[in-house]
Amino acid sequence: MSILVELQSRFRAALAGLVDDPSEFLKLVQPAADAQFGDYQANLAMPLGKRLGKPPREMAQQVLQRLDVADLCKQPESAGPGFINLQLRDDWLGNHLQTLLGDGRLGAASATVARRFVIDYSAPNIAKPMHVGHVRSTVIGAALDRTLRFLGHRVISDNHIGDWGMQFGMILYGYKHLRNEAAYEQNPVAELSRLYRLVNLLVGYHEDMAALPELKSRLERQEQVVAEMVAQPPPTEKAALKQAAKALGRAEDQIDQLRKLLSSTHERIARIEGDPGVEHLARAHPDIRSAVLAETAKLHAGDAENRRIWRNVLPACRDEIDRIYRRLQVTFDYTLGESFYEDKLAGVVEDLERRGIARPSNGATCVFIEGHETPFLIRKQDGAFLYATTDLATIQYRMQTWQPDAILYVVDHRQSLHFEQLFATARQWGYRDVELQHVSFGTVLGDDGRPFKTRSGDTVGLESLLDEAVSRALAVVSASDEKKPGRDAAREDNRGQIAEAVGIGAIKYADLSQNRTSDYIFSYDKMLAMNGNTATYMQYAYARVRSIFAKGNVDLAAIRQDAVPISLAHSAERSLAVAIAQFPEALGLVVADYRPNHLTSYLFELANRYSTFFENCPVLKAETHALRASRLKLCDLTARVLKLGLELLGIRVVEKM
RNA sequence: GCUCCCGUAGCUCAAUCGGAUAGAGCAUCUGCCUUCUAAGCAGAAUGUUGCAGGUUCGAGUCCUGCCGGGGGUACCA
């Protein structure tokens with residue numbers, strides 16, 4: 001049971017008769033912003049007063065007269081311009097916690113209306129190794145997956161891996177023309193990823209070279225424009241003068257931008273030309289871009305050799321990403337990659353054309369969408385399909401196969417235009433009763449504020465990040481052991497497992513604790529931190545609770561059934577109790593806007609309050625037996641909420657640290 | 001050009017569809033391990049929420065303009 005939901009229903013009853021639809025006011029019943037205002041607050045008297053044309057303070061009084069919360073709360077008070085402050089009764093809170101002791105769900109009710117979700121997350125491109133950019137989608141997606149499932153929804157997780165696009169054309173081209181057979185024999189995935197990067201580099205080089213003349217002439221034109229503007233006699237009128245200055249500034253900005261673009265293009269070209277080996281390859285493969293596209297088209301058209309290579313190469317790539325998923329403990333119900341839909345693509349385009357949703361334009365097939373300047377391309381001039389086509393086929397398949405109420409795409413926010421167009425097209429196509437959600441997240445940036453890359457231009461591999469995290473955690477575990485001699489010897493064997501849980505947990509938490517919509521600057525130290533607001537802090541709090549149980553030989557089953565009332569006399573006990581009871585509210589926030597950072601904030605707050613409790617309230621040495629039992633109950637609930645909450649985030653707890 | 005997002009403490013980030021005195025962590029400083037794990041606790045210091053207007057009982061949040069940064073923008077994903 002959620003206290004907030006209960007309070008809202010009490011307010012609903014109180015508002016009945018005052019307004020027709022109380023819903024918009026009920027959302028103003030919230031946990032208190034500050035402990036001095038109690039546990040919960042209702043901010044509805046002000047807007048209500050405005051609606052009914054009465055002074056807000058009077059309105060608050062009127063609501064209070066109609067409000068029946070005497071069983072849960074102390075006498076509510078009205079404060080300030082009309083805030084209503086509510087404080088839970090200690091006896092009610094104690095009883096409530098008592099019922100939670102016997103509740104495996106810790107108060108989190110199963111959804112009354114179970115929805116069916118398809119969650120599309122992780123989706124790496126299997127032609128290249130997973131890097132830090134894949135962590136966010138994987139970790140956020142998995143957390144939403146687990147949380148929705150826990151709340152009683154039907155969830156189908158589907159890893160839509162990239163195994164069919166132009167990136168595979170690059171692999172094919174590289175495999176055929178640039179492969180080092182010995183390296184491939186030894187480590188196929190490493191060689192494939194080298195080939196992918198190499199071909200990508202060469203394609204980029206020729207694109208840069210091709211773009212250069214146009215870029216130069218644009219710059220010259222722009223410089224001329226500015227020169228003419230400067231040569232103009234300045235207008236005499238003040239307003240016109242200001243206008244002219246502004247226009248000049250903008251034109252100069254464009255020059256700056258063009259110069260930057262030009263110089264970065266020159267830089268890339270120089271890098272290639274400065275490397276004799278690569279330069280030689282660039283000269284030897286002048287038409288590489290169109291050749292790559294041709295390989296892609298051939299694969300799609302069913303060319304026997306390309307299909308054979310594709311089939312041979314795929315298993316090794318899949319093994320590679322599966323190894324990372326095992327380590328992250330992420331699993332999917334389905335892994336239906338782009339290739340799964342290849343035989344459906346032509347039908348999709350045909351169907352959309354027949355219905356008049358798509359039409360040919362400049363040799364390609366497009367969907368024109370109102371409000372969008374550029375069309376949504378579903379087939380290229382050369383006949384090849386695009387990821388738009390695949391995504392449409394995927395929607396069709398998911399709807400036919402699973403009839404979901406919602407499809408969530410956990411994907412970088414840079415693809416928002418694509419999803420807008422995709423969803424708009426899907427709706428025109430007839431899929432109107434499904435919630436199509438782009439659960440977007442911000443980009444991982446480097447120190448320079450640009451999308452994250454290492455100096456060499458390669459993104460940081462995910463696996464090395466995981467290794468680094470675990471090895472740092474191991475160092476901390478070992479250091480902590482040495483500081484406290486006299487621990488049990490079996491402990492040594494556990495260090496590796498503890499380090500794995502702590503290290504991986506740190507990385508996951510770093511991503512989950514951020515509002516997913518913000519970009520963030522990647523930092524090893526931050527991602528691998530084990531102090532402060534980190535998964536480690538919660539794991540540590542959990543281990544401290546478990547340590548009390550171990551030391552006291554506590555029989556938890558007996559404690560849970562013990563009739564001794566829970567005492568909340570100490571402020572640390574009470575504040576901990578309130579946090580425990582608010583677990584369901586945190587889960588509600590997570591699913592309301594698909595943001596796991598609500599759960600991390602909650603768990604940090606809970607663990608924080610536990611630490612205060614731990615310092616101030618002796619458990620095993622409590623003054624009386626009853627107090628000892630009461631505190632053990634608080635410990636038990638804290639540990640269980642921490643464990644369950646972290647599990648929903650995909651983070652493991654350990655018994656000792 | 002069009003379009004979307006962002007600008008909060010020295011740094012990295014929060015702030016529940018507009019709520020009370022804008023909060024954490026890191027870094028800095030001061031205390032606390034013979035008492036259940038110091039990966040911790042208690043405390044100090046840190047702000048013109050980019051700027052200027054507007055809307056209202058109330059604005060980091062909404063509107064307008066400006067400044068600054070980033071993304072996307074017809075055949076990559």
Side-chain angles (χ1 to χ4, degrees), chain A residues 24 27-28 30-34 36-37 41 43 46-47 49-50 55-56 79-83 85 123 125 162 165-167 169-170 203 254 293 296 338 361-366 371-382 384 386-388 390 412-418 420 440 442-443 445 449-451 473 476-477 479-480 483-484 487 502 513-515 517-521 523 525-526 529-534 536-537 539-541 543-552 585 588-589 592-593 595 597-598 601 604-605 608 611-612 614-616 618-621 635 656-657:
Chain A
E24 59 174 309
K27 72 195 176 194
L28 297 171
Q30 296 166 356
D34 192 308
Q36 65 171 306
F37 305 130
Q41 63 183 58
N43 308 331
M46 290 79 84
K50 181 177 282 182
F83 294 104
N85 293 334
N125 179 340
M166 181 174 165
Q167 74 278 33
M170 295 196 187
V203 168
Q254 279 196 23
L293 291 172
T296 312
E338 293 172 339
S361 168
N362 289 334
T365 308
C366 305
H372 286 276
E373 208 178 339
T374 52
F376 195 46
L377 255 73
I378 58 174
R379 173 144 51 186
K380 303 199 289 182
Q381 281 177 331
D382 65 4
L386 299 102
Y387 81 135
T390 313
D412 192 308
H413 78 276
R414 283 175 292 184
Q415 292 195 34
S416 56
L417 176 60
H418 167 73
E420 265 176 50
S440 68
T443 311
L445 309 173
R450 310 193 68 90
V476 177
V477 174
S480 154
K483 254 192 331 204
K484 297 166 214 159
R487 288 197 163 168
V502 169
S513 59
Q514 210 128 114
N515 183 335
T517 57
S518 353
D519 289 350
Y520 75 89
I521 296 181
S523 138
D525 289 333
K526 187 187 167 193
M530 282 169 282
N531 301 337
N533 185 1
T534 61
T536 313
Y537 183 79
Q539 289 167 322
Y540 184 66
R544 294 217 284 192
V545 180
R546 300 298 297 177
S547 170
I548 290 177
F549 295 159
K551 189 153 277 185
E585 291 166 24
L589 290 174
D593 49 10
R595 275 175 42 191
N597 71 309
H598 286 129
S601 308
F604 181 59
E605 183 67 31
N608 208 338
S611 297
T612 304
F614 183 87
E615 296 287 328
N616 292 288
V619 178
L620 297 175
K621 292 178 186 162
C635 286
K656 290 178 182 174
M657 284 176 75

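Just so it is clear, the structure is predicted and the values come from calculations on it, not from any experiment.
Judged as a side chain to side chain contact (heavy atoms under 4.5 Å, CB included), and not counting sequence neighbours, the contacts of A:Asp593 are A:Arg595, A:His598. Applying the salt bridge (charged side-chain N to carboxylate O under 4.0 Å, His left out) rule to A:Glu24 yields the partners A:Arg51; only residues at least two apart in sequence or on another chain are considered. Residues passing the side chain to side chain contact (heavy atoms under 4.5 Å, CB included) test with A:Phe376, sequence neighbours excluded: A:Val367, A:Ile369, A:Ile378, A:Ala388, A:Leu392, A:His418, A:Gln421, A:Leu422, A:Thr425. With sequence neighbours excluded, the residues satisfying side chain to side chain contact (heavy atoms under 4.5 Å, CB included) with A:Thr296 are A:Met166, A:Val292, A:His300. Under the rule for a salt bridge (charged side-chain N to carboxylate O under 4.0 Å, His left out), the partners of A:Glu605 that lie at least two apart in sequence or sit in another chain are A:Arg609. Every side chain to side chain contact (heavy atoms under 4.5 Å, CB included) that A:Lys551 has, sequence neighbours left out, goes to A:Leu620. Remark: A:Tyr537 engages A:Phe604 in a ring-ring contact (aromatic ring centres under 6.0 Å, His included) (not counting sequence neighbours). Residues satisfying the ring-ring contact (aromatic ring centres under 6.0 Å, His included) criterion with A:Tyr520, sequence neighbours excluded, are absent altogether.
Remark: the separation of the P atoms in B:C63 and B:A22 is 23 Å, to the nearest Å. Rounded to a whole angstrom, the distance from the C1' atom of B:C6 to that of B:A27 is 25 Å. With both ends at atom P, the span from B:G65 to B:A77 equals 37 Å, rounded to whole Å. Nucleotides B:C26 and B:U56 have their C1' atoms positioned 38 Å apart, rounded to a whole Å.
Residue contacts for A:Pro56: at a heavy-atom cut-off of 4.0 Å it reaches no nucleic acid atom on any strand shown. A:Thr374 comes within 4.0 angstrom of sugar-phosphate atoms only, judged by non-hydrogen atoms across all strands, and of no base. Counting any heavy atom pair closer than 4.0 Å across all strands shown, A:Ser513 reaches no nucleic acid atom. Base engagement by A:Leu377 is indicated by at least one non-hydrogen atom pair under 4.0 Å involving a base atom. Using a 4.0 Å heavy-atom criterion, one finds that A:Gln539 contacts no nucleic acid atom at all.
Per the geometry, CD belonging to A:Glu338 stands 13 Å off P belonging to B:C76, to the nearest Å. Following rounding to the nearest Å, A:Asn608 (CG) and B:G40 (P) show an atom-to-atom distance of 10 Å. Rounded to an integer number of Å, the gap from A:Asp412 CG to B:C76 P is 19 Å. Distance, A:Phe614 CZ to B:G40 P: 13 Å, rounded to whole Å.
Between A:Ser611 and B:C41 there is a side-chain N or O to OP1 or OP2 distance below 4.0 Å.
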What does the list of N/O pairs under 3.5 Å between the protein and nucleotides 30-33 of chain B look like, with a distance for each?
none

Distances under 3.5 Å only, N/O to N/O: pair up the protein atoms with those of nucleotides 4-12 of chain B.
from  : atom 1 : to       : atom 2 : distance (Å)
B:U12 : O2'    : A:Lys526 : NZ     : 2.5

Protein within reach of the bases, or only the backbone? For nucleotides 15-22 of chain B, mark each nucleotide 5' to 3' as B, S or -, using heavy atoms under 4.0 Å.
SSB-BBB-

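A:Cys366 places a side-chain heavy atom less than 4.5 Å from the side chain of A:Ser361.
Closest to the A:Leu386 side chain, of the nucleotides B:G1, B:C76, B:U37, is B:C76.
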Show me the dot-bracket string of RNA chain B, counting Watson-Crick or G-U pairs under 3.5 Å, with | for pairs to another strand and [ ] for crossing ones.
(((((((..((((.....[...)))).(((((.......))))).....(((((..]....))))))))))))....

